[in-house]
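Chain A is the first sequence line, chain B the second, and so forth, proteins listed ahead of strands; every chain is numbered from 1.
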Amino acid sequence: MSSLAEQWKALARDAGRLGDEKFLQVFKLLEQLGSKTDVNPALDLMRPRLAELRPVRRISLSRLFFHPVEDLLDNPDSYRRKINRVSRATLPGAWAAVKGLLDPSLVSAANEGLAATSPRDGAALVEVGRPLWAAGSAALVEVVERAQAEMKWRLELFGRDEDVLRQLGTIREVTEIGGEIEALKIQLPERPIGELAESHTDTIKAALADVGQESARRAAPLLLVLTSRMMRPGDLLKMLSEVRMGGDSSVRDEVSRDLSGYVVSNLLRQTSEIERTHEGAEPGISDLALTAERLSEGLNSVNETVQSLRDAAMSDKVKTARTEIGNFVMRSIVGDVDKNVMGLLKAPDGGVPNDEQLVQAENFALALRRSAKLAGFLGIQREVNAKITQLREDIGRESSTLRKRGDLNGDEARRQIFGRLRLIEILAGSDEAERLYRQWSQG
Amino acid sequence: VDPATDLAHKELTAAKIAEFVPASFAERGAVVPFTTPLLNQARMRKDRAKRVEFLLPNFSAGKGIYVVPWKSLPSLMTVTLHDRLLYEGLEGVDELTPEAVRRAALEVAAGGVAGPQAATAAKATRARDAQYLTLTNFSLVVELLKLVGIGAEDLLRPGLSVEESRTLARASLDRVAQIVKIPPDELSAKVEMLSETIAPVGLPGVSQPGRLRQLRTRLEVMRHSLEAWAEADSSDLAQLGTFCAQIIKHTQELLDIRLGRFDDACRDLRKMVQDDMGAKRAILEHLSGISWLLDGWDFLTVMWAAVADKPHETQQTTMSEMFRYVPLIPRQEAIAADNFDFEGLARIQRRWMLVNEDWRTGTLDMPAVMRIEALKAEMA
């Protein structure tokens with residue numbers, strides 16, 4: 001670590017003794033400093049307290065510029081080509097090239113706008129961003145042309161890979177309608193978008209009709225972004241047929257086909273990433289179950305569309321993806337769930353589980369229940385059902401031992417019994433939990 | 001539009017305000033803190049034949065309110081074990097008041113059927129209640145001692161041992177008993193009984209306000225937040241925000257009248273202990289008005305506070321959900337007739353409601369149950 005970084009860290013440590021307001025000021029100052037490698041360790045030091053204070057992060061101009069593309073971004077190590085995704089590694093070069101072409105007065109106006117706008121005020125940010133996205137998108141046309149013509153320049157900014165040209169094209173298309181995209185995003189639920197209300201559906205349809213007024217082609221980037229935010233992207237594909245858009249109907253079919261291809265490929269990409277996403281991070285069981293659910297729901301939602309494409313290769317890929325998710329669920333959720341739950345119920349010192357352990361056991365049970373919902377689709381119904389039955393029996397046996405124990409006071413015993421009944425309720429439903437409750441209350 | 005929705009809509013259009021707003025608190029029913037998502041904030045009341053029935057907030061196409069006897073619920077949805085046990089606990093309760101429901105709910109939650117966290121929270125709440133009761137009792141005694149010229153500072157005088165202080169207090173209370181012409185033993189029993197009656201609201205002027213007074217403050221905070229929110233929201237949901245804020249405002253106006261009367265009833269201490277049954281009756285009457293007015297708001301303040309730091313779009317969906325639960329002021333109580341376009345507001349709400357597949361099929365959505373449990377554990 002450089003000595004400068006050490007000095008920043010010392011400053012960060014000193015700032016810890018300041019009052020909240022001053023502390024935040026120091027953080028903001030540090031954040032505005034140029035060289036991130038030097039400053040980052042200091043910022044990391046300040047983050048725990050920052051999380052408590054929850055200050056609103058300052059948005060940089062480049063971050064605002066790439067807002068509309070954020071749902072298409074992948075880390076360089078997981079980036080997959082040819083499916084309209086963008087590698088984060090491309091962004092610094094792209095921004096440098098774009099910024100160089102922007103009118104300085106536009107840049108300073110946008111900077112002033114940002115300074116005067118709360119990062120929480122989504123609607124105001126859209127207004128600040130509009131001119132930036134329009135001008136930036138236009139600049140990207142030049143950037144792509146130059147990158148094609150001047151090999152040396154391209155190598156310097158982006159390296160050897162020609163795929164960068166396609167990525168720049170995607171950024172250009174998306175930022176071209178950046179205002180429309182961002183305005184729509186702030187009217188919809190947070191991502192991942194699960195359920196939609198009627199008002200949301202209306203808003204989406206109106207936005208599509210508006211953007212695609214001349215040609216459905218122009219709405220394609222908006223659809224790309226939206227499907228990436230949705231739990232069930234297939235729902236959007238279905239919605240598409242209900243929207244009136246301009247231009248040739250063949251164009252709309254083409255857009256629809258492209259989009260289906262993107263949605264499926266993107267889900268496949270995430271499926272093959274599923275193990276790696278969680279590598280080293282030690283995800284909670286709930287996160288694993290949610291990931292599996294999100295991917296299964298996503299694939300399930302495009303089922304119809306994929307069938308209608310009559311693309312044998314694509315159908316095969318979907319089948320493979322299903323198997324992969326199924327294997328993942330079996331391996332990381334279902335496999336050891338009984339050992340995990342029972343391990344939590346039996347405290348090593350012969351005591352009883354505390355609140356935290358009971359909650360953890362519930363999380364395992366919930367993950368298993370989520371898996372059971374997906375099991376039919378993933379083709380692991382038999383295995384999951386067998387596991388649920390076994391776990392129920394295990395819990396039943398353990399509970400009867402617990403009920404025979406004489407060392408627990410009435411309050412604690414009741415709490416432990418209800419802890420087990422809740423597991424049964426999660427796994428087997430409320431009727432079964434009630435039946436056991438009555439049975440256990442009698443004897 | 002499917003025919004059922006269309007029909008429901010026509011029914012709604014035809015409905016008069018009278019059909020939206022209950023006539024009395026008894027007709028409105030008391031909110032029961034169920035955890036089954038479809039029963040969230042359901043109200044419970046007794047029909048003419050003293051049979052228990054439930055009023056469910058409109059959950060599908062917004063046909064207004066569903067009135068359902070308990071026995072019919074299982075055919076509509078899966079009900080959590082917690083709710084089944086809570087219902088059992090309420091069955092024997094004579095009068096379904098908000099305070100009685102709260103007691104039953106805390107008892108059930110403390111057992112652990114709504115999860116370990118809810119159990120811990122319920123126990124903490126009961127401990128706080130007990131503490132506040134002691135505080136109220138102590139404050140009453142201190143007030144009574146003033147009748148014989150003894151102040152708290154006399155009891156806590158430096159150099160006085162605990163035993164001496166206690167003896168002084170007892171002797172002074174005996175003198176109070178003489179003045180108010182009540183046997184000393186009876187006096188402390190009366191004070192205890194009055195403390196229990198007063199504690200949910202708390203004595204006026206005590207530095208630590210009682211539970212329902214605190215809720216009034218939280219409601220005030222929520223009203224300001226809603227007004228600011230409605231101001232900033234550019235969708236039609238702003239109307240729902242304004243509506244909620246308006247209802248809170250009227251609730252507060254009525255509440256303040258009741259609180260004023262409550263405080264008056266608590267002021268004349270001598271009269272209070274001399275006619276303890278009369279005082280109890282008066283205080284209970286005002287307390288009842290206060291707790292009925294506030295019934296249902298506790299959950300809403302928690303629900304709204306939980307999304308304070310969330311993006312605006314999340315607050316929007318919460319707003320539309322909250323609208324269904326807003327405790328309307330019964331027609332008997334209202335000072336001025338409100339001229340809300342209920343039908344229009346309900347239409348907005350329906351347009352913003354997220355459709356949950358599990359809810360439609362009646363399957364129990366466990367993650368949703370747990371979200372409700374977590375919010376309810378936050379309630380006081």
Side-chain angles (χ1 to χ4, degrees), chain A residues 54 56 120-123 185-191 193-203 286 289-290 293 353-359 361-363 365-366 369-370 373 410-422 424-427 429-438, chain B residues 1 5 35-36 74 77-85 88 108-121 123 232-237 307 309-318 320-321 347-359 363-367 369-370 373:
Chain A
R54 277 173 309 183
V56 188
R120 283 170 186 267
D121 190 346
K185 269 157 65 175
I186 57 171
Q187 292 181 71
L188 299 178
E190 277 180 274
R191 73 172 168 187
I193 302 172
E195 298 131 10
L196 289 172
E198 190 189 322
S199 63
H200 298 132
T201 315
D202 290 350
T203 308
S286 319
L290 278 175
E293 187 178 63
N354 57 27
D355 277 11
E356 203 186 315
Q357 288 162 323
L358 284 177
V359 170
E362 283 184 12
N363 285 337
L366 268 179
R369 181 176 160 129
R370 276 186 201 276
K373 262 179 95 174
D411 234 21
E412 186 58 52
R414 200 155 67 119
R415 196 176 169 89
Q416 292 298 330
I417 288 295
F418 273 125
R420 276 121 187 111
L421 283 170
R422 278 174 66 83
I424 298 287
E425 182 166 29
I426 293 168
L427 293 170
S430 307
D431 288 346
E432 175 65 5
E434 186 185 354
R435 191 185 67 77
L436 284 178
Y437 169 76
R438 308 270 173 229
Chain B
V1 185
T5 317
T35 56
T36 306
M77 65 191 82
T78 308
V79 179
T80 58
L81 180 58
H82 164 269
D83 293 357
R84 298 174 196 208
L85 299 187
E88 276 181 14
V108 171
V113 68
Q117 281 146 335
T120 306
K123 280 182 187 161
D233 183 78
S234 54
S235 74
D236 48 2
L237 277 174
V307 294
D309 290 325
K310 298 276 170 161
H312 189 79
E313 44 288 20
T314 303
Q315 294 171 351
Q316 285 186 319
T317 40
T318 306
S320 85
E321 199 189 341
R347 207 161 38 228
I348 295 173
Q349 188 273 324
R350 279 200 303 281
R351 269 179 36 79
W352 282 87
M353 200 170 106
L354 297 180
V355 182
N356 184 311
E357 203 52 42
D358 278 347
W359 296 17
T363 315
L364 196 57
D365 177 358
M366 275 319 274
V369 170
M370 290 184 165
E373 284 172 351

*Asks:* Quick one: does B:R351's side chain have a donor or acceptor within less than 3.5 Å of a partner on A:A197's backbone?
*Replies:* no

*Asks:* Tell me, for B:V369 versus chain A, whether the close heavy atoms (under 4.5 Å) come from the side chain, the backbone, both or neither.
*Replies:* neither

*Asks:* Looking at B:K310, B:H82, B:E88, B:H312, which one has more heavy-atom pairs under 4.5 Å with chain A than the rest?
*Replies:* B:E88

*Asks:* How close do A:H200 and B:T317 get, counting heavy atoms only, and between which atoms?
*Replies:* CE1-CG2, 3.9 Å

*Asks:* Check whether A:D202 gets within reach of chain B through its side chain, its backbone, both or neither, counting any heavy atom under 4.5 Å.
*Replies:* side chain

*Asks:* Using 0.5 Å steps for rounding, measure from the CE atom of B:M370 to the CD1 atom of A:I426.
*Replies:* 3.5 Å

*Asks:* Could you check if a side-chain atom of A:I186 sits within less than 4.5 angstrom of a side-chain atom of B:Q316, using non-hydrogen atoms only?
*Replies:* no

*Asks:* Distance check, rounded to the nearest 0.5 Å: B:L237 atom CG versus A:S199 atom OG?
*Replies:* 7.0 Å

*Asks:* Where do B:E313 and A:L188 come nearest, in terms of heavy atoms and distance?
*Replies:* CG-O, 2.7 Å

*Asks:* Under a 4.5 Å cutoff for heavy-atom pairs, which residue among B:S320, B:G111, B:P74 has the most contacts with chain A?
*Replies:* B:G111

*Asks:* For B:T80, is it the side chain, the backbone, both, or neither that has a heavy atom closer than 4.5 Å to a heavy atom of chain A?
*Replies:* both

*Asks:* Check whether any side-chain heavy atom of B:P116 lies under 4.5 Å from a side-chain heavy atom of A:E362, and answer yes or no.
*Replies:* yes

*Asks:* Heavy-atom pairs under 4.5 Å with chain B: which of A:R370, A:R414, A:Q416 has the most?
*Replies:* A:R414

*Asks:* At a heavy-atom separation under 4.5 Å, does A:R415 approach chain B through its side chain, its backbone, both, or neither?
*Replies:* both

*Asks:* Relative to chain A, which of B:A232, B:A114, B:S235 shows the most heavy atom pairs under 4.5 Å?
*Replies:* B:A114

*Asks:* Heavy atoms only, distances under 4.5 angstrom: which of A:K185, A:E356, A:R369 has the most pairs with chain B? Name it, please.
*Replies:* A:R369

*Asks:* Heavy-atom distance under 4.5 Å to chain B: side chain of A:D411, backbone, both or neither?
*Replies:* side chain

*Asks:* May I ask you to say whether B:R84 pairs ionically with A:E425, meaning some side-chain N is under 4.0 Å from a carboxylate O?
*Replies:* no

*Asks:* Around B:Q117, counting heavy atoms of other residues, nucleotides and ligands shown, do more than 12 lie under 6.0 Å from its CD?
*Replies:* no

*Asks:* Relative to chain A, which segment of B:T120 carries a heavy atom at a distance below 4.5 Å: side chain, backbone, both, or neither?
*Replies:* both

*Asks:* Relative to chain A, which segment of B:I348 carries a heavy atom at a distance below 4.5 Å: side chain, backbone, both, or neither?
*Replies:* neither

*Asks:* With only heavy atoms counted, which part of A:L366 is less than 4.5 Å from chain B, the side chain, the backbone, both or neither?
*Replies:* side chain

*Asks:* Looking only at heavy atoms, which two atoms of A:S430 and B:V79 are closest? And how far apart?
*Replies:* CB-O, 3.2 Å

*Asks:* Do A:Y437 and B:L85 come within less than 4.5 Å of each other through their side chains, counting heavy atoms only?
*Replies:* yes

